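None of the values given here were measured: they were computed from a predicted structure. Just so it is clear, the values below take in all heavy atoms, side chains as well, and ignore hydrogens, waters and symmetry mates. Read the numbers this way: they start at 1 and go in the same order the structure lists the ligands and their atoms.
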Amino acid sequence: MVTIKLSEKPLIDQSAQAYAVVCDDTYVAQKKFQALAERFYPSLEKIFTTRKFSGSAGSIITVTGTRDNEPVYLIFLGIGSSQSKPGQTKYDLLETIRRAMGQLIRAAEQYKITTIALQVPEASWAQTDDYTLAKELASTLQMTPYHFDQFITDEARKHHQEYHITFCAPALLHEKMKVGIEHGQRIGYAVNQARHWCDLPACAMTPTIVADYAQKIAAPHNLKVTVFDEKTVIEMGMGGLASVSQGSTQECRFVIMEYKTEHKNAPTLALVGKGVTFDSGGISIKPAARMDEMKDDMAGAAAVISSMEMIAHLKPRMNVIGITPLTENMPSGSATKPGDIVQFYNGKTAEIKNTDAEGRLILADALSYAVKHYKPDFMINLATLTGSCAYALGPFFCGLMSKHDDLANKVVHAGQRSGDRAWALPFHDDYKIAIKSSVADLCNIGNESYRAGSITAGFFLQHFVGETPWVHLDIAGTSFNVPDISYYRVGATGFGVRMIAELLMNWEQL
Ligand code: BES
Ligand code: MN
Ligand code: ZN
């Protein structure tokens with residue numbers, strides 16, 4: 001956990017082990033470091049020259065000074081220029097600041113520093129406001145120390161995860177920043193919780209355990225939770241979820257969480273998350289290499305459930321329904337066989353040509369259920385749905401598919417602003433025919449001549465949303481093992497939580 005407090009006292013008057021300053025490309029040239037140099041490190045300017053530190057984005061320099069016979073660390077975090085470059089937006093500037101916060105915590109890990117005084121950069125540098133800046137600083141600082149170490153027994157291998165950080169900023173800004181910090185802490189905490197659930201191995205994160213977590217987090221809040229067990233799922237006609245689950249010794253679950261705002265006439269948003277706690281591929285079994293990563297095939301569900309708790313704290317002016325179908329996808333004597341035909345909750349049928357295309361089968365029931373019982377004004381699903389999306393877009397943007405430009409634009413903007421970025425794939429009807437079956441309404445894999453596996457998967461889902469304005473996010477590439485971003489580590493990213501927070505809190509402005 002990271003604690004953050006606000007102080008109006010100047011940076012050098014703080015009593016921390018480390019002093020951190022965010023430096024743009026004017027910092028060194030304009031000698032803005034002089035007060036720090038005089039107090040702790042007179043030859044600072046020389047160090048900047050010899051180590052060629054000019055404040056460029058992503059650069060960092062740490063020097064050690066002395067105070068009362070104790071080391072004092074000065075950490076300078078480069079963020080470069082705020083001048084717009086071709087293709088760069090103001091959201092890239094905010095992301096640069098986030099990554100600088102990631103680097104700050106990494107430096108603290110390295111030097112075993114636990115108390116830090118941070119000079120808060122000016123919000124105007126990133127063309128943002130003080131509330132948003134504080135929120136982004138706080139959420140990133142909360143996210144960075146996260147380390148999945150529950151099963152490591154050697155204490156020496158565990159990372160320190162507790163930090164006390166003081167934000168130094170003019171008193172005038174404190175009121176706005178205080179709220180930003182509170183919100184950012186909540187968001188960062190929810191991201192880490194989603195990461196933890198994904199990082200837990202499938203033996204410790206079965207569908208029943210996930211459903212229990214959903215119930216546990218809802219209890220202290222005003223969230224309603226409904227959990228259907230496997231027997232109920234079958235009785236209700238959720239043939240997609242039942243067919244994926246039937247090969248596993250673990251029972252499936254179907255979880256519905258509901259947040260109601262006190263505001264009258266607020267719209268309702270349904271969030272649907274794919275929750276495959278382990279995807280072996282089933283009878284169409286996956287190759288052994290990297291199959292372990294398929295414990296993360298519940299990243300959509302983890303993001304939705306963790307977001308529901310965050311939403312209970314942030315209290316957006318919207319009603320939110322969180323729906324997660326939860327199952328394992330395993331091969332066995334009772335597993336679904338290629339060629340089998342299933343019927344979904346809305347009555348449509350599909351031929352299962354490949355049991356590894358299981359995500360769309362469980363989402364089909366979940367989307368149909370959401371539409372029928374909640375008639376949401378908007379619906380968004382998050383799913384680690386296709387390897388082809390991970391190939392197409394890599395780890396930095398998830399794939400977005402939608403026919404509803406207003407909603408899609410809101411989601412893209414929320415993604416840009418929050419750091420959980422989305423990129424629209426062509427969602428054109430030309431691809432639609434690829435999932436036709438000769439023996440059922442639909443086929444669960446696209447005809448090979450259409451290739452575009454992410455888009456054809458999106459069109460499969462479209463059969464279950466009716467007229468509801470809907471966005472499908474394929475988060476297969478962004479949910480785990482994202483390289484180069486300092487505030488992540490190997491493992492799950494909690495992708496989607498920050499985007500959901502941004503979307504709900506700024507719905508009208510996006
Ligand atoms: N969970 C996988 C998709 C995936 C792959 C997520 C890699 C993250 C990383 C999904 O269930 C799957 O197996 N999809 C198949 C679909 C194919 C059989 C049409 C795929 O992408 O290969
Ligand atoms: Mn699969
Ligand atoms: Zn899957």
Side-chain angles (χ1 to χ4, degrees), residues 198-199 202 205 207 210 240-241 243-245 247-248 252 272-303 324-331 335-340 350-364 366 381-399 401 425 431 434-437 442-461 472-483 490-493 495-496:
C198 285
D199 282 334
M205 213 52 192
V210 183
L241 178 55
S243 75
V244 176
S245 183
S248 170
C252 69
V272 178
K274 169 178 172 182
V276 175
T277 57
F278 188 73
D279 180 12
S280 70
I283 296 298
S284 316
I285 198 161
K286 288 180 181 296
R290 297 173 58 179
M291 197 201 274
D292 58 296
E293 290 179 351
M294 284 301 113
K295 69 174 182 174
D296 285 351
D297 210 18
M298 48 158 294
T324 53
L326 301 159
T327 179
E328 276 187 348
N329 184 23
M330 296 293 278
T336 294
K337 297 167 280 288
D340 283 359
E351 175 191 11
I352 297 175
K353 276 209 171 155
N354 187 322
T355 63
D356 197 11
E358 85 297 341
R360 64 199 77 186
L361 305 177
I362 70 170
L363 290 170
N381 72 265
L382 297 96
T384 46
L385 205 61
T386 64
S388 70
C389 188
Y391 273 100
L393 298 178
F396 304 124
F397 287 78
C398 75
M401 282 149 267
L425 300 177
Y431 296 95
I435 46 163
K436 214 177 116 181
S437 164
L442 300 167
C443 176
N444 84 324
I445 53 170
N447 179 300
E448 266 180 37
S449 56
Y450 294 81
R451 299 193 290 275
S454 310
I455 301 171
T456 55
F459 275 110
F460 186 95
L461 300 180
H472 159 47
L473 298 175
D474 192 329
I475 60 171
T478 53
S479 293
F480 53 91
N481 296 350
V482 170
V490 171
T493 59
F495 186 93

Where the Zn ion (ligand 3) is the vertex, angle from Asp279 OD2 to Asp297 OD2 to 10°: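 About 90°, to the nearest ten degrees.
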Considering all heavy atoms of both residues, which atom of [X] and which atom of [Y] are nearest to each other, and what is their separation?
| X | Y | answer |
| --- | --- | --- |
| Phe278 | Lys295 | CD1-N, 3.7 Å |
| Leu241 | Cys252 | CG-SG, 4.0 Å |
| Ser388 | Ser454 | OG-OG, 2.9 Å |

As an exercise, state the distance from CD1 of Ile362 to OG1 of Thr324, rounded to the nearest 0.5 Å.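 Answer for the CD1-OG1 pair, Ile362 versus Thr324, is 9.0 Å.
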Go through the steps for Met291 and Ser280 under the test side-chain contact (heavy atoms from CB on, under 4.5 Å), then give the verdict. CA-CA 7 Å; Met291 197 201 274; Ser280 70; 4.2 Å; yes
Tell me, which protein residue and heavy-atom name are nearest [atom], and how many Å apart are they?
| atom | value |
| --- | --- |
| atom 14 (N) of ligand 1 | Leu385 O, 3.4 Å |
| atom 19 (C) of ligand 1 | Ile445 CG2, 3.5 Å |
| atom 6 (C) of ligand 1 | Ala476 CB, 3.6 Å |
| atom 9 (C) of ligand 1 | Met294 CE, 3.5 Å |
| atom 12 (C) of ligand 1 | Asp356 O, 3.2 Å |
| atom 21 (O) of ligand 1 | Gly387 N, 2.6 Å |

Intermediate values then yes/no, side-chain contact (heavy atoms from CB on, under 4.5 Å), Phe396 and Val482: CA-CA 7 Å; Phe396 304 124; Val482 170; 4.0 Å; yes
Tell me, please, if Asp356 has any N/O/S atom, main chain or side chain, under 2.8 Å from the Zn ion (ligand 3)?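 No, outside the cut-off.
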Is Val276 close enough that one of its N/O/S atoms sits under 2.8 Å from the Zn ion (ligand 3)?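 So Val276 does not count as coordinating the Zn ion (ligand 3).
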Apex the Mn ion (ligand 2) - arms OD1 from Asp356 and OD2 from Asp279 - angle rounded to 10°: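 It comes to 100°.
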With a 4.0 Å cut-off on heavy atoms, does Glu293 reach ligand 1?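 Glu293: no contact with ligand 1 (<4.0 Å).
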Nitrogen or oxygen of Lys286 less than 3.5 angstrom from that of ligand 1: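 Min N/O separation from ligand 1 is below 3.5 Å for Lys286.
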Heavy-atom contacts under 4.0 Å between [X] and ligand 1: side chain, backbone, both, or neither?
| X | value |
| --- | --- |
| Lys274 | side chain |
| Asn329 | neither |
| Asn354 | side chain |

Could you go through Glu358 and Thr327, starting from their C-alpha distance and side-chain angles, then the distance that decides it, and tell me whether this counts as side-chain contact (heavy atoms from CB on, under 4.5 Å)? CA-CA 10 Å; Glu358 85 297 341; Thr327 179; 5.9 Å; no
For Thr336 and Thr355, does a side-chain donor sit closer than 3.5 Å to a side-chain acceptor?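 Thr336 vs Thr355: no donor-acceptor pair found between side chains.
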Which is it for Asn381 and Lys274 under the side-chain contact (heavy atoms from CB on, under 4.5 Å) test, yes or no, and what are the steps along the way? CA-CA 8 Å; Asn381 72 265; Lys274 169 178 172 182; over 6 Å; no
Nearest candidate to atom 17 (C) of ligand 1, where distance is taken over non-hydrogen atoms, out of Cys389, Ser388, Ser479, Ala357: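 Looking at heavy atoms only, Ala357 sits closest to atom 17 (C) of ligand 1.
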